[in-house]
Number of protein chains: 2
Amino acid sequence: MNLDFTYFENGIGRISGQLPGMPQDRVVLNRLFFYVFKELDDVYNQHLLEFGLNSSTFLALAMILSSEDNRLNPSHLSDALIASRTNVTRLADDLVGSGWVSRKPCTQDRRRVELSLTPSGRKLILVVLPVIWQRIEQQWIDFSPAEIAEFDRLLRKMLEGLRRFRVAS
Amino acid sequence: MNLDFTYFENGIGRISGQLPGMPQDRVVLNRLFFYVFKELDDVYNQHLLEFGLNSSTFLALAMILSSEDNRLNPSHLSDALIASRTNVTRLADDLVGSGWVSRKPCTQDRRRVELSLTPSGRKLILVVLPVIWQRIEQQWIDFSPAEIAEFDRLLRKMLEGLRRFRVAS
DNA sequence: TAAGAATAGTTACATTTGAAACCATTTCTG
DNA sequence: CAGAAATGGTTTCAAATGTAACTATTCTTA
């Protein structure tokens, strides 16, 4: 797949020449976002493949590791991953099937389930995390701390703008 | 689906307290990106629904409109949309089925196909574009021109960092 | 405290998308 | 110029993910 942004930019430029009223810089910005996201997702899935993981399974393991007492409900995982509960059920099936996670009923609330890392799952994520962190540092190596802080600020501001902008449901 | 970023941030904070060496600000930045993207995609799909469109069909119509002579090959569309040729075939099927696009064989190169807007497709996209532009302006209303320019610069810089970082294929 | 509402997880079904294989055509190259 | 390689489009198959319906349990409230 070709990830050349110029196809889009040229098109947008031609429309802007024909029709008045396009907020061109912001249209480009929204679209640029798709390109960067696509690349980000692809690149990390590539890097995780060598460990038998993808961004969902990796993040799930990391979130269970980060939980108190090594226990996490599927619903919380669903929130942390921005994934449907359906998908988290399936994800848990996979992780249990791979022997990285155990699934036990919760005694306090019998509707719930508790996901925990098995020793093998814990070992895996503790190997993978430092490798991924190193690569994240590589990825951002040309950014100054000030640029990183500003990027963070702009992203959160964009998120707020989008939420205000949601269609009422 | 809950789009609360704090689930992730809390988890990442706990891991950082346990394991040394996490570039926390950049880890958060990468993840924040997923959240913003998800929201962006959702919101615009919501807004396009009232016209019977989604972000793919909308962008396809816009790209054909922007093409020279109102003609565009599926392959070019695939590049502009960052979508597989498989998917563009299907997209074209839909658009032709809805009566918005016509599909004709190309006389110069008989491997190719030419997608053009029908009068009805042209009418639709000319109605939708100004509406969407207005909403994009709303979405970005709190951003100064300097912030927009800086955001653009940072996104392109991030894209470059990611491309250098790709696994050799 | 009993009935209704809400929550947790799963299942069945549908949607979206891409990879790989395939055919037709065009371009490259020895 | 003939065979090999590349390109354009489609089809087949598979992977990923979501919605809605469903069961079991817990919470709310009249």
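Both backbone and side-chain heavy atoms feed into the values below; hydrogens, waters and symmetry mates do not. Proteins come first, then strands; the chains are lettered A, B, ... in the order of their sequence lines, and each starts at number 1.
Within 4.0 Å (heavy atoms only), Arg85(B) reaches at least one base atom of the nucleic acid.
Interface remark: the Arg90(B) side chain does not form any donor-acceptor pair with the dG9(D) base, using a distance-only criterion of under 3.5 Å. Between the side chain of Thr89(B) and the base of dT11(D) there is no donor-acceptor pair of N/O atoms closer than 3.5 Å. Residue Arg110(A) places no side-chain atom within donor-acceptor reach of the base of dT25(D), judged by atom type and a 3.5 Å distance cut-off alone. Between the side chain of Ser75(A) and the base of dT7(C) there is no donor-acceptor pair of N/O atoms closer than 3.5 Å. Side chain Ser84(B) to base dA19(C): no donor-acceptor pair is found below 3.5 Å.
Regarding Leu77(A), its CG atom lies at a distance of 15 Å from the C1' atom of dT17(D), rounded to whole Å. Here dG9(C) presents its P atom at 10 Å from CD of Glu114(A), a figure rounded to the nearest Å. In this structure, Leu115(B) atom CG and dG9(D) atom P are separated by 8 Å, rounded to whole Å. A straight line from CG of Leu53(A) to P of dA16(D) spans 13 Å, rounded to a whole angstrom. One atom, CG of Asn73(A), and another, P of dA24(D), lie 20 Å apart when rounded to the nearest Å. One interatomic measurement links the two molecules: CZ of Arg112(A) to C1' of dT23(D), which rounds to 17 Å at whole-angstrom precision. The distance from atom NE2 of His76(A) to atom C1' of dG9(C) is 14 Å, rounded to the nearest whole Å. Rounded to whole Å, atom P of dT12(D) lies 12 Å from atom CG of Asp93(B).
Aromatic ring pairs are classed by plane angle as parallel below 30°, tilted from 30° to 60° and perpendicular above 60°; the pair Phe8(A) and Tyr35(A) is tilted. Using bins of under 30°, 30° to 60° and over 60° for the plane-to-plane angle, the ring pair Phe37(B)/Phe37(A) lands in the parallel bin. Aromatic ring pairs are classed by plane angle as parallel below 30°, tilted from 30° to 60° and perpendicular above 60°; the pair Tyr44(A) and Phe165(B) is tilted.
Using modelled atom types and a 3.5 Å distance limit, the side chains of Asp94(A) and Trp100(A) yield no donor-acceptor pair. Between the side chains of Ser84(B) and Asn87(B), no donor-acceptor pair is found at a separation under 3.5 Å.
Dashed line: the shortest gap from a side-chain N or O of Arg111(A) to OP1 or OP2 of dA24(D) is not under 4.0 Å. Dashed line: the shortest gap from a side-chain N or O of Lys38(A) to OP1 or OP2 of dT17(C) is not under 4.0 Å.
Of all nucleotides listed (dG9(D), dA12(C), dT25(C)), dG9(D) comes nearest to the side chain of Val113(B). Checked against dG18(C), dG18(D), dT26(C), the side chain of Asp109(B) finds its nearest nucleotide in dT26(C). You'll find that the side chain of Pro74(A) is closest to dG9(C), out of dT11(C), dG9(C), dT26(C).
Nearest-nucleotide positions on DNA chain D place Asp94(A) closer to the 5' end than the other of Asp94(A) and Gln108(A).
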